[in-house]
Amino acid sequence: MDVLIVDDSAAIRKILQRVLRQAEVPVGNVYEAGDGVEALAALKAQPVGLVLSDINMPNMDGLEFLSKVRAEPHWRDLPILMVSTEGTQAKVLEAVERGASGYVRKPFTANQIKEKLAGMF
Amino acid sequence: MKTEQEQEVIVTPAELADAVREATHAVFSTMLNLELDSGRVSVEKVEAAPSSGVVSLVGLAGPWVGTGSLSCSAPFACKLAGQLLMTEYTSICEDVLDAIAEVTNMIVGNVKTTLESRLGAMGLSTPTVIYGRNFQTRSARNQEWTVVTFDVQGDRMCVQVCLAPNPDAASKAIRPGFPVPHLLNV
């Protein structure tokens, strides 16, 4: 399964890529995007089976990206795990209402990501 | 006499320090596998920036506005980046600066989450990282900084926050990405 990681931090993209390689879900190619605009372009260019996305990003944040993805019928069931420093209940609920499949708050452990992914597949 | 709704909301340096301690310990124990001491707290009129090393700044905006920052020496920045990315760094590079930016983002983001239940929703800017020698940073507003100085296995790091009510909060929308203006003297 190919994966798209969306985060404006290259450090977080590297960490998530490492965690994905250790997870029990089979991971193929991993693509990266630095914001929602790049992520939408990446999704159009290359279909993936899983997206991990931050919320606070320049140009287009993760919540707007989420809404735009869910507005497309062929991406309605695409698993999207939000990984963000935003931790209020209101923000988590907003992400879920917009169609997030899961939510992990930063800072995170590798096991938290792995467990969340295991529950999504 | 003010009604309960009209009572002025205040945030004490002790509350800020507790939020900084909690967030910093969470980030260090979860993602860096480093043990911190409990940190020494001081309140400064002038931001306690180092004369050299790395400073990372994240702006907060909303009903309250301010800045959170992390400052440390270049060798310690390399150590933090190494712990985060599981790679050894001996000098400052893009990876190290990006890692310090993300550590600051996570600490200040968690401080924000802790305070939002009382202060209302705030936006977080993208981090700005400065590395060099003989520089000082200054907030353009005359605010007090709550400074927490941590000792980490022989190294030292400061996390500091200044936060004040936004007098323009009712008339201006949150502008994530636009931190409180800083003056930089290099």
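Order of the sequence lines fixes the chain letters, A, B, ..., with proteins taken first and strands second; residue numbering starts at 1 for each chain.
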- Max heavy-atom pair count under 4.5 Å with chain A, selected residue of L85(B), I107(B), N105(B), L32(B): L85(B)
- Message: Does any backbone or side-chain atom of A101(B) lie under 4.5 Å from a heavy atom of chain A? Answer side chain, backbone, both or neither.
- Response: neither
- Message: Could you check whether E64(A) pairs with R98(A) (Lys NZ or Arg NE/NH1/NH2 to Asp/Glu carboxylate O, under 4.0 Å)?
- Response: no
- Where do C158(B) and V147(B) come nearest, in terms of heavy atoms and distance? SG-CG1, 4.1 Å
- Message: Could you go through E32(A) and Q17(A), starting from their C-alpha distance and side-chain angles, then the distance that decides it, and tell me whether this counts as side-chain hydrogen bond (donor to acceptor under 3.5 Å, both in side chains)?
- Response: CA-CA 9 Å; E32(A) 297 184 11; Q17(A) 190 157 164; 2.9 Å; yes
- Item | Which atoms of K106(A) approach chain B - backbone, side chain, both or neither, heavy atom under 4.5 Å | both
- Note on the structure: Comparing P58(A), A90(A), A11(A), P107(A) against chain B, the one with the most heavy-atom pairs below 4.5 Å turns out to be P107(A)
- Query: Would you say the side-chain atoms of T126(B) and N56(A) include a donor-acceptor pair closer than 3.5 Å?
  - Reply: no
